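Note that ligands are numbered from 1 as they come in the structure, with each ligand's atoms numbered from 1 the same way. These numbers were taken from a predicted model, which means no experiment stands behind them. Position 1 is the first residue of the sequence, and the numbers go up from there.
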Amino acid sequence: MLMTAADYRDSLRSLKPRVFVEGQRVESVADEPKLIPGINAVGVSYDLAQVAELKPIMTATQHSSGKTINRMMHIDQSGDDLLNKLEAVRFMCKISGCGQRYLTHDGFNGVYQATKLADDRHGTDYHQRFVAYMHDAQDRDLAIGIAMTDAKGDRSLKPSQQTNPDTYVHIKERRKDGIVISGTKAIVTGAAYMHEFLLMPCRTHTPEDADCAVCCAVPIDAEGVTVISRRAGRPGEAAAKFSAKYGQGTGVVQFADVFVPWDKVFMAGETEEAGYLTTSYASHHRQSCIGARAGFGDLLIGAGAHMYEANGLDADKHSHIREQMVELIKIVEGFFACGVASSVYCVKDTSGVAMPDPVFSNIGKLLLATQIYDMHKIAHYVSGGLIVALPGPDEDHNPETAASLSAVLGARADIPYQQRADVARFVEDLTVSDQAGWYSVMSLHGGGSPEAMKREIWRNYPVDEKKDLVSSLLDHGVLDMGQRVSKQPGRCCVTGCQVPELPGTDARTTKQLEAVEVR
Ligand SMILES: Cc1cc2nc3c(=O)[nH]c(=O)nc-3n(C[C@H](O)[C@H](O)[C@H](O)COP(=O)(O)OP(=O)(O)OC[C@H]3O[C@@H](n4cnc5c(N)ncnc54)[C@H](O)[C@@H]3O)c2cc1C
């Protein structure tokens, strides 16, 4: 059953997790003010799936069950699916800043692929266990936190060389009925307000560290699980025009002797396939990050335009403002185009999952990771200093200053002062406040540090093909060129690929989707 945001919030009330926020034990996650912006943001993924016009992108038919599910839990079968997911994530994130639930999608697809590979190679039955778990989670429309990044300890050492073994989640005991795990996942998006965690390894492990090659599902309120969360957004701050409503709280999740029954264990020591899980997840997740940050870019483009207008400027007349806005558009649509390309050139493995082309997916994520700082700079450039200098919202109601401030701090005659002040605070919230730094670091490191992307680009890019190309030219083999078939995965024919239609919807572009009213 597809839940609404209200259902989701209610469903959290039936859980009894051990959660701390800012030094305090939380009695009811759903009612904790410090977490509400995060719960609101995840709620957007639920409510959008209820909007009739958005169903083609926000819901999907799960091929293995025939059921209609939230797209944030769907296994992709085609480039169309990947494009729809990309649009869905962008749409979700331009409303919520970061809709968070796309991590579930990325984790599901990675585990679906890797469990099939493990079974094919080792005769295990992980895949059917995972599919059963996934169908149940889809039926219950759960929010599932992706717990991948271990605490990792000394980065130069492997897990077995660490002084404290709990810097990595590892299997401590193998029993007849399941496994016992211990360790720490250091950064989990939305940890406090998830129903369950899907644990996955964060790196490729060597055979000595096979016990860290573990993938399993654990309910948030399982015995031995503790979530230590940050607050989400800027709850209760009047100046936080966006982040008082929407934000993201990450959490450290500690697992202390947590028992996991075998039917919830999807990998237990298969280091190679666990490595494949890590890289497959990364390709899915980096493509989702592209959609997410494009949604954030939509917010900055809109806010920048509001701000220069409120300042009395016209981008058609003032070329340096226009030039900066075009630069911002180029950045956002440039990395988004990599997301589109990674969908069109998707690759399929034996599991039948359509995986984003890893080269384009990693390039798009690398672009947004570094260009997020330029995005903020452009918003500052077109806005002016008011975004950091405007007196706080309390002054709006001060009988001694409010009238005179509004008389002199207005700019364009037909735009009221309050509107200029609101948009200045909106830009401040997203590009200057602690949330701005948060969006930057999330863009830089979320989904893997830039070095991880560079490694994947290098691993997957057909450099040898380019070498052969030049060799063939040097060998006078110019006429052979037309018969060459690219070795880059997904580039399967010399005629090139066609952009697939988005199925079942004429709402093809984000622009058109914007017109759809969101309840
Ligand atoms: C807002 C946010 C949300 C996130 N959400 C999630 C989530 O939901 N689930 C999840 O699992 N993870 C999540 N992450 C974690 C994210 O995947 C990691 O931040 C990322 O993989 C980098 O790991 P790290 O933070 O431990 O940094 P580090 O790995 O310590 O990297 C710091 C720097 O050191 C370098 N470095 C690290 N190790 C080595 C080495 N051995 N040799 C040489 N150089 C090295 C890196 O390249 C990088 O430049 C999130 C991160 C953020 C910021």
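Sorted by first and then second residue, the side-chain hydrogen bond (donor to acceptor under 3.5 Å, both in side chains) pairs with a member in residues 360-374 read Arg286-Asn362; sequence neighbours excluded.
The closest side-chain donor-acceptor pair between Lys185 and Gln254, if any, does not fall under 3.5 angstrom.
Ring planes of Phe360 and Tyr345: parallel class, angle under 30° (limits at 30 and 60°).
Here Thr189 pairs with Gln100, Leu103, Gln248, Thr250 under the side chain to side chain contact (heavy atoms under 4.5 Å, CB included) rule; sequence neighbours left out. With sequence neighbours excluded, no residue satisfies salt bridge (charged side-chain N to carboxylate O under 4.0 Å, His left out) with Asp166.
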As a test of reading the model: which N/O atoms of the protein lie under 3.5 Å from N/O atoms of ligand 1, and at what distance?
residue	atom	partner	partner atom	Å
ligand 1	5 (N)	Thr189	OG1	2.7
ligand 1	8 (O)	Thr189	N	2.8
ligand 1	8 (O)	Thr189	OG1	3.1
ligand 1	9 (N)	Ile146	O	2.7
ligand 1	9 (N)	Ile187	O	3.1
ligand 1	11 (O)	Met148	N	2.8
ligand 1	11 (O)	Thr149	N	2.7
ligand 1	11 (O)	Thr149	OG1	3.1
ligand 1	12 (N)	Thr149	OG1	2.7
ligand 1	12 (N)	Ile187	O	3.0
ligand 1	17 (O)	Thr149	OG1	3.3
ligand 1	23 (O)	Lys152	NZ	3.1
ligand 1	26 (O)	Lys152	NZ	2.9
ligand 1	26 (O)	Arg155	NH2	2.8
ligand 1	29 (O)	Lys152	NZ	2.9
ligand 1	30 (O)	Arg155	NE	2.8
ligand 1	30 (O)	Arg155	NH2	3.3
ligand 1	41 (N)	Arg155	O	2.9

What's the verdict on side chain to side chain donor-acceptor pair (under 3.5 Å) for Ser343 and Gln287, showing C-alpha distance, side-chain angles and the deciding distance?
CA-CA 9 Å; Ser343 308; Gln287 196 217 25; 2.7 Å; yes

